[in-house]
Structures are given as C-alpha cells and as structure tokens.
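Inspection log for the structure reproduced underneath, given as structure tokens.
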Amino acid sequence: MIRVSIAGASGYAGGELLRLLLAHPDAEVHQITSERLAGKYAHRAHPNLRTLTRLRFHTLDELTESDVLFLCLPHGESSRRFDDLSRIAPRIIDLGADFRLDDPAQYERFYGRPHPRPDLLPRFTYGIAELNRAALAGADLVACAGCNATASILALRPLYRADVADLAVIEVKVGSSEAGNRSTPGSHHPERSGAMRSYKPTGHRHLAEIRAVLGAPVHFSATAAEMVRGVLATCHVFLNRDLDDKALWRIYRDAYAAEPFVRIVKERAGIHRYPDPNLLAGSNFCDVGFERDPLARRVVVMSAIDNLMKGAAGQAVQAFNVMHGLPETRGLGFPGLHPA
C-alpha cells in the first residue's frame with residue numbers, strides 16, 4: 001500500500017481527494033490536516049464521509065512521514081513551506097497554483113508579486129495526464145492544473161497541435177465551489193443565488209497556463225453561473241483553413257480515442273448532444289464537443305468537467321496512478337449521475 005497524507009484536507013478539493021483515496025485500493029490515508037479543525041473528525045468538514053473514516057485532522061506541524069503528500073493549501077503556502085513539506089514525503093502532488101507556471105515573469109504578471117521560490121518551478125511536472133503522461137511516470141513533484149485551464153486546454157489542444165487554429169476566444173461558466181469553502185460577499189447566498197455574473201472578463205490567472213500549454217495568444221473570460229460544481233468552456237476557434245466535419249472528427253479522434261477520461265460528445269439530436277457539466281458531478285471525465293459554423297471559418301468547441309474532480313482531486317489521483325505505474329483509472333470509475 002502507498003502511504004498518503006493530505007495537507008489542507010478540510011476544503012472542497014481536499015474533501016473530494018479524501019473521498020477518492022479512502023476508496024483507492026492501493027492507497028492508505030495516513031494523515032489529514034486542517035489548522036482550523038485540528039483534533040476534529042474528518043466528517044466535521046465532510047459529512048458525506050461519516051462512518052467511512054475515523055481520521056482526525058492534524059496541524060501541518062504534526063505531519064509525519066508518508067510516501068506521497070497531497071497539498072490542498074491556500075495560495076502561497078506550498079511555496080512558503082516547501083522545504084519542510086518536502087522532508088515529509090519524497091513525492092508531492094500540489095493541487096494549488098504555486099507551481100503551475102515555469103516562467104517566473106508570467107507568475108509575477110498574473111499573480112501580482114514575484115514568485116517566492118522560482119528555483120522550484122522547473123522541478124514540477126504539469127499534472128494533466130493527457131498532456132504529460134510520460135513525464136508524470138517519472139515525476140516526484142507534480143503541479144495540478146487549474147480547473148478552467150484543464151477544461152480549456154483539453155478543448156483546444158487538438159486544434160493547436162494540428163496547426164489549424166488562428167485564434168481562440170474562451171468563455172467559461174463556473175460553479176460556486178470553484179471559489180472554495182470560505183464565504184465572501186460574492187458567495188453570500190442572496191448575492192450568489194440566481195446569479196449569472198461576469199467576474200473576470202480579462203486577466204484571469206488560468207489564462208497564463210492555457211497560453212503556456214497551447215503556445216498561442218488565446219483570450220479568456222469567466223462567468224459565475226447558478227451551479228455548485230462544474231465548468232463549461234465555450235471556445236470560439238477561428239481556423240486558418242477550411243475544414244469539414246470529417247476533418248474535425250479526425251483531429252479529435254486522433255487526440256482522444258485512447259484517452260480513458262476524455263469523451264467526444266456530438267449527437268445529432270436530443271438535449272444531451274453537447275457537453276454538460278451537470279452530468280459529470282463526482283466523475284473524472286472531461287466531455288468535449290464541437291460544432292462547425294457553416295458561415296465562417298469558426299468552430300465552437302465545448303468542454304465540460306467537474307471542477308472539483310477532473311479540475312482538482314480526480315486529476316491529482318489520475319497523476320498519482322501514472323506516477324506509480326498503476327492503471328490510470330484506478331479509484332476513478334464513478335460515472336457521474338443522471339439526473340442530478
């Protein structure tokens with residue numbers, strides 16, 4: 001068994017990670033941490049796990065050795081405490097944003113301050129298995145991608161890899177859990193309920209990841225939608241040549257036919273003919289669909305994920321499986337719910 005611990009396990013992503021690892025046949029959860037709930041049982045923060053574990057939260061300073069340490073810490077904490085954390089486990093999988101970018105200048109541009117440990121950035125492998133499977137297999141340090149970046153990259157990368165895209169404009173609609181479990185004026189129920197609020201029309205931090213992976217100056221806007229879980233990325237891609245449906249199908253089949261967690265969704269009729277994040281709650285799937293504009297060189301690519309799963313905890317477990325030579329789907333078989 002692989003001995004794992006979770007630092008920052010009381011948040012939404014940490015709770016999903018704990019849920020997955022408790023049921024993982026090759027993982028033994030050693031310790032979980034929460035500064036706020038130290039000494040309390042896990043179900044205090046995650047009532048869905050009641051009777052499934054008797055683990056109690058510890059403080060970060062109480063962590064002892066494990067094989068893998070998952071980090072679900074507030075922004076800046078992973079880099080600030082890295083030296084101490086790296087002594088606890090030889091392998092680290094960070095679900096936060098501290099090590100996602102390998103360019104310190106881009107970090108400073110998008111996060112508003114210099115990176116505290118730029119020396120560490122080249123040592124981390126970006127955690128999307130569909131991009132970096134070979135690198136993950138030998139990695140000891142992994143930085144999971146942002147949820148909006150994950151949905152957008154998986155939607156667009158086949159077109160950029162095929163060198164057929166001139167420009168992409170991405171609009172994502174996201175659920176309230178993306179903001180975490182700490183209340184803010186924007187998450188207050190009377191303000192959030194029923195809202196369709198554009199909260200980051202330009203300059204979103206995840207844009208840096210998308211541009212770094214695609215190697216192209218794409219554009220990105222984010223809107224808060226009335227749902228708890230989920231990301232729906234609608235990407236308007238302007239092509240550099242005329243392509244018919246068969247050519248587009250070929251590009252996406254070549255990219256994803258062998259991928260266990262990316263599904264091409266394109267039906268001729270019905271209400272589920274395009275990707276829908278509501279169908280993916282609790283699952284590690286990314287559903288990708290597209291429609292060609294018959295009046296222009298434009299393709300609308302749609303991508304849906306559960307932000308807490310494929311955009312966080314599920315992605316982390318998928319990377320964990322690859323790192324340890326396990327079947328990539330181990331512990332990630334839940335298909336989602338319908339209706340939900």
Side-chain angles (χ1 to χ4, degrees), residues 100-103 105-107 109-110 124-136 143-174 200 202-222 231-266 274-275 285-294 296-305 307 310-311 315 318-319:
R100 291 171 181 166
L101 301 176
D102 58 11
D103 183 350
Q106 288 300 305
Y107 180 92
R109 178 184 177 190
F110 281 89
F124 275 80
T125 299
Y126 198 55
I128 300 179
E130 291 79 7
L131 273 64
N132 287 331
R133 187 170 282 111
L136 285 171
C144 291
C147 54
N148 299 316
T150 299
S152 301
I153 288 166
L154 291 176
L156 296 178
R157 188 166 180 266
L159 296 177
Y160 278 92
R161 192 173 65 174
D163 196 25
V164 299
D166 253 350
L167 176 68
V169 179
I170 307 162
E171 161 66 22
V172 299
K173 294 177 177 62
V174 304
K200 201 66 178 174
T202 64
H204 195 289
R205 291 171 173 179
H206 291 182
L207 176 59
E209 298 174 54
I210 300 166
R211 287 180 172 177
V213 170
L214 299 181
V218 300
H219 303 282
F220 181 94
S221 298
V231 174
L232 177 64
T234 303
C235 311
H236 300 267
V237 186
F238 298 89
L239 304 176
N240 57 26
R241 69 194 74 170
D242 292 319
L243 294 175
D244 59 16
D245 268 357
K246 286 184 178 179
L248 291 167
W249 266 109
R250 193 156 47 244
I251 288 170
Y252 277 92
R253 273 200 305 263
D254 288 348
Y256 293 137
E259 290 295 341
F261 291 116
V262 181
R263 305 185 297 193
I264 302 173
V265 178
K266 195 177 190 306
Y274 302 125
F285 287 106
C286 175
D287 285 352
V288 177
F290 63 87
E291 183 157 314
R292 184 177 59 87
D293 184 347
R297 282 185 178 175
R298 180 177 71 110
V299 177
V300 181
V301 185
M302 296 144 281
S303 173
I305 63 171
N307 58 293
K310 185 61 174 168
Q315 181 183 145
Q318 188 177 355

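The minimum heavy-atom distance linking P158 with A155 is given by the pair CD-O, 3.9 Å. Minimum heavy-atom separation, R133 to P260: NH2-CD, 4.4 Å. Residues R253 and I264 come closest through the heavy atom pair N-CD1, 3.8 Å. Smallest separation of non-hydrogen atoms from A135 and T125: CB-CG2, 3.8 Å. The two residues F110 and G203 come nearest to each other via the heavy atoms CD2-O, 4.1 Å. Closest heavy-atom contact between N240 and A165: ND2-N, 3.9 Å.
For the atom pair M302 CE and L232 CG, the distance stands at 8.5 Å (nearest 0.5 Å). For the atom pair CZ of R109 and CG of L101, the computed distance is 11.5 Å after rounding to the nearest 0.5 Å. In this structure, the separation between SG on C235 and CZ on R298 is 12.0 Å, given to the nearest 0.5 Å. Atom NE2 of H219 and atom CG of L207 lie 8.5 Å apart (nearest 0.5 Å). Taking CD of Q315 as the start and SG of C144 as the end, the distance is 4.5 Å to the nearest 0.5 Å. Going from atom CZ of R100 over to atom CZ of F124 covers 12.0 Å, rounded to the nearest 0.5 Å.
At distances below 3.5 Å, at least one donor-acceptor pair connects side-chain atoms of E209 with backbone N or O atoms of G146. Of the possible polar contacts, one joining the S303 side chain to the A151 backbone as a donor-acceptor pair under 3.5 Å is found. Remark: side-chain polar atoms of R263 are not paired, donor with acceptor, to backbone N or O of V288 under 3.5 angstrom. Between the side chain of Y256 and the main chain of L154, a donor-acceptor pair closer than 3.5 Å is present.
Ring-plane geometry between F290 and Y252 is classed as parallel, the angle between the planes falling under 30 degrees on a 0 to 90 degree scale with a further cut at 60.
L131 places a side-chain heavy atom less than 4.5 Å from the side chain of I153. Residues I170 and L156 form a side-chain contact, since some pair of their non-hydrogen atoms from C-beta on lies under 4.5 Å apart. Put simply, the side chain of V300 does not reach to within 4.5 Å of the side chain of D293, judged on heavy atoms. In this structure the side chain of I251 reaches within 4.5 angstrom of the side chain of L243, judged on heavy atoms.
Within the structure, side-chain hydrogen bond (donor to acceptor under 3.5 Å, both in side chains) contacts touching residues 154-172 (residues at least two apart or in different chains) are E171-T223.
Within 6.0 Å of CG on D102 lie no more than 12 heavy atoms contributed by other residues, nucleotides or ligands.
Donor-acceptor pairing under 3.5 Å is recorded for the side chains of E291 and Y274.
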Evaluation steps, side-chain contact (heavy atoms from CB on, under 4.5 Å), between Y126 and L136: CA-CA 8 Å; Y126 198 55; L136 285 171; over 6 Å; no

Steps toward side-chain contact (heavy atoms from CB on, under 4.5 Å) verdict (H206, V172): CA-CA 11 Å; H206 291 182; V172 299; over 6 Å; no

F261/E130 under side-chain contact (heavy atoms from CB on, under 4.5 Å): CA gap, chis, key distance, verdict: CA-CA 9 Å; F261 291 116; E130 291 79 7; 4.1 Å; yes

Full working for side-chain contact (heavy atoms from CB on, under 4.5 Å) between L248 and L159: CA-CA 8 Å; L248 291 167; L159 296 177; 4.0 Å; yes

